[in-house]
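As structure tokens, the structure follows; a few thoughts come after it.
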Amino acid sequence: MTRLNAGLALAWVVMVTAGCVTINIYFPAAAAEKAADRIIDEVWQLREGQAAPATGANTEGAPK
Amino acid sequence: MNPFKMLRRAFVALALVIGTVAFAQGNLEINTPAISTLKQSMQQRHVQLAPLYASGAVGLAADGTVALRDASSVPLAQRGQVNALVAAENADRAALYREIARANGHPEWEAEVRKTFAQRWIERAQPGWWVQGAGGWAVRR
């Protein structure tokens, strides 16, 4: 009985793990898009350019 | 071995596997020395490429590269230099797509990484830049 339980548990872990690996071989499109955007931000230097005026506007607008 | 102990170990192992996979799904690895070097090289080149995008001489192609779209808008004396810029940029981009796929343990993802980048470069292009869509070259609005 003990052996059977342990065997079942092990089989279950192996199956779920295999399932996860199967999922992971598909191309993660959303993650790739995020990665692309982060690299494009840096190469085209978009983030600094947009962040600076926004921060300025926030600090100026805050006291009013 | 105690069956409960065994089961608990199984759960811990499972939690680790799921956690790792979930992380891998959420983010692609892009922080490798090779990728950083490529990014830096492309960032420096962008200073020279930006005016060429704006003038329409160089456009963003549908395959994730840049292309000399209108050679006649570049003075003859500078054409060689622009060609070299385009070639260097495309070499870096090809290496970048390959490195991202490799850094994530799936070299076969290179084509899909390239496709994703091609879409994002074009969608994020500034108004006035030329981009290549399904219907050919058009000015980004």
Side-chain angles (χ1 to χ4, degrees), chain A, chain B residues 1-11 13-14 16-18 20-22 24-31 35-36 38-47 49-50 53 64 89 92-93 96-97 100-101 103-106 108-109 111-113 115-121 123-126:
Chain A
M1 188 63 190
T2 304
R3 280 229 158 159
L4 187 69
N5 275 345
L8 277 176
L10 200 70
W12 183 63
V13 168
V14 167
M15 271 165 57
V16 175
T17 309
C20 289
V21 171
T22 307
I23 289 165
N24 203 29
I25 65 163
Y26 293 110
F27 182 68
E33 223 169 86
K34 248 189 343 192
D37 279 346
R38 266 167 49 207
I39 289 175
I40 292 170
D41 278 342
E42 279 187 53
V43 171
W44 284 353
Q45 297 187 287
L46 297 173
R47 210 178 299 165
E48 290 95 327
Q50 284 172 352
T55 323
N58 280 348
T59 42
E60 279 165 34
K64 288 181 188 175
Chain B
M1 193 191 280
N2 182 335
F4 289 107
K5 226 175 192 175
M6 182 84 187
L7 213 63
R8 215 172 58 191
R9 278 195 187 175
F11 272 118
L14 185 70
L16 276 174
V17 166
I18 289 178
T20 311
V21 171
Q25 292 278 303
N27 285 298
L28 279 192
E29 173 65 75
I30 51 170
N31 294 318
I35 294 171
S36 295
L38 288 166
K39 273 195 307 200
Q40 215 167 15
S41 154
M42 290 166 73
Q43 195 185 72
Q44 281 162 10
R45 193 178 301 109
H46 183 66
V47 178
L49 279 172
Y53 294 143
E89 175 71 8
D92 274 359
R93 286 185 175 208
L96 178 72
Y97 306 148
I100 292 173
N104 288 278
H106 288 275
E108 76 277 11
W109 283 354
E112 280 172 287
V113 170
K115 217 165 71 186
T116 307
F117 266 86
Q119 284 167 2
R120 296 313 293 159
W121 290 119
E123 274 170 43
R124 304 194 58 194
Q126 285 174 23

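What's counted below: heavy atoms across the whole structure, side chains too, no hydrogens, waters or symmetry copies. Every chain is numbered from 1, with letters handed out A, B, ... down the list of sequences.
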[X] versus chain A, the contacting section by heavy-atom distance below 4.5 Å:
{"X": "B/Asn31", "value": "side chain"}
{"X": "B/Leu49", "value": "neither"}
{"X": "B/Leu38", "value": "neither"}

Exercise. Just by distance, do the side chain of B/Tyr97 and the backbone of B/Gly64 share a donor-acceptor pair under 3.5 Å?
Worked result: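 A pair under 3.5 Å: yes.
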Problem set entry | Residue pair B/Arg120 / B/Thr116, side-chain donor-acceptor N/O under 3.5 Å |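 Short answer, no.
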Exercise. Looking at A/Val13, A/Leu10, A/Ile39, which has the largest count of heavy-atom pairs under 4.5 Å with chain B?
Worked result: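 So the answer, after comparing A/Val13, A/Leu10, A/Ile39, is A/Ile39.
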Exercise. So which part of A/Leu8 gets closer than 4.5 Å to some heavy atom of chain B, the side chain, the backbone, both or neither?
Worked result: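 A/Leu8 has no heavy atom closer than 4.5 Å to chain B.
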Problem set entry | Residue pair B/Trp121, A/Val43: steps toward the side-chain contact (heavy atoms from CB on, under 4.5 Å) verdict | CA-CA 11 Å; B/Trp121 290 119; A/Val43 171; 4.3 Å; yes
Exercise. Hey, does B/Arg93 have a side-chain heavy atom less than 4.5 Å from the side chain of B/Met42?
Worked result: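 Yes, close enough: below the 4.5 Å cut-off.
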For this session: Look at the aromatic rings of B/Phe11 and A/Trp12 and report parallel, tilted or perpendicular, splitting at 30° and 60°.
Result: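 Rings of B/Phe11 and A/Trp12: perpendicular, as their planes differ by over 60°.
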